[in-house]
Amino acid sequence: MDAREMKIKAADTALSYVEDGMRLGIGTGSTAEEFVRLLAERVADGLSVVGVPTSERTARLCVELGVPLMSLDELPELDLTIDGADEVDGKLSLIKGGGGALLREKIVASASSRMIVIADESKVVETLGAFKLPIEVNPFGIVTTRLAVERTAARLGLSGAIEIRRSGGSVFTTDGGHHILDASFGRIPDAEALATALNAIPGVVEQGLFINMASIAIIAGAAGVRTLKADS
Ligand SMILES: O=C[C@H](O)[C@H](O)[C@H](O)COP(=O)(O)O
């Protein structure tokens with residue numbers, strides 16, 4: 001099984017958690033897009049769901065494939081969100097935001113009774129932090145905010161390069177009009193403490209640590225699909 005086949009497998013397994021009439025949060029990224037493609041086939045066959053997309057990119061794909069959408073303001077409480085991740089640990093703490101959608105993803109996941117993560121085996125880690133931690137920041141005072149992130153991390157014993165994300169020759173801008181700092185802290189032993197400390201910095205809009213949000217992770221690997229539960 002190649003990487004794409006694993007993503008499709010995980011997405012297909014997640015589809016079995018989707019019930020008729022559900023209000024669905026729909027994630028962002030290559031794995032979430034496989035889920036959208038499979039969901040669209042089920043919708044074409046008569047499944048009735050309404051989705052709330054976590055990015056403009058996901059919204060465009062849903063519209064193209066005929067998945068009905070509403071905004072989060074129209075549908076402020078959701079039954080289930082299905083989304084990918086950049087890293088997943090054994091407690092189902094996540095790093096997300098590799099695609100820059102972390103703020104909307106976190107708002108949508110928080111509005112949902114349940115969040116299911118879909119990923120291939122390469123995303124599973126013992127301790128979060130090999131993937132650069134995305135931190136969404138307000139463009140105003142970004143250099144000051146970067147310094148504050150550096151000092152805050154240092155107080156927690158963390159260090160490493162903190163880069164302003166660029167894309168196509170210019171600074172990357174999120175759907176919300178913010179920028180992203182990618183922090184190479186390495187191993188993050190206390191993700192909760194780091195999340196709390198980063199959220200207290202005025203220029204930080206949100207950070208990519210998703211703690212106690214996912215209840216299930218569906219992980220596809222060469223040997224098949226396994227399901228991790230938050231309480232196991
Ligand atoms: O901002 C993007 C999201 O958090 C994605 O869910 C995450 O980056 C995983 O994406 P992919 O499935 O493409 O690896």
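As the structure lists them, so they are numbered: ligands from 1, and atoms in each ligand from 1.
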Any [X] side-chain heavy atom under 4.5 Å of [Y] side chain:
X: Leu209; Y: Leu94; value: no
X: Ile162; Y: Phe185; value: yes
X: Arg165; Y: Val171; value: no
X: Cys62; Y: Ile26; value: yes

If you round to the nearest 0.5 Å, how far is OG of Ser159 from CZ of Arg151?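 Arg151 atom CZ to Ser159 atom OG measures 15.0 Å (nearest 0.5 Å).
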
Pairwise distance CD(Glu87) to NZ(Lys132) - rounded to 0.5 angstrom: 12.5 Å

Can you tell me which residues line ligand 1 if we count any heavy atom under 4.0 angstrom from one of its atoms, in chain and number order?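 Shell around ligand 1 (4.0 Å, heavy atoms): Thr28, Gly29, Ser30, Thr31, Asp83, Gly84, Ala85, Asp86, Lys96, Gly97, Gly98, Gly99, Gly100, Ala101, Glu105, Lys123.
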
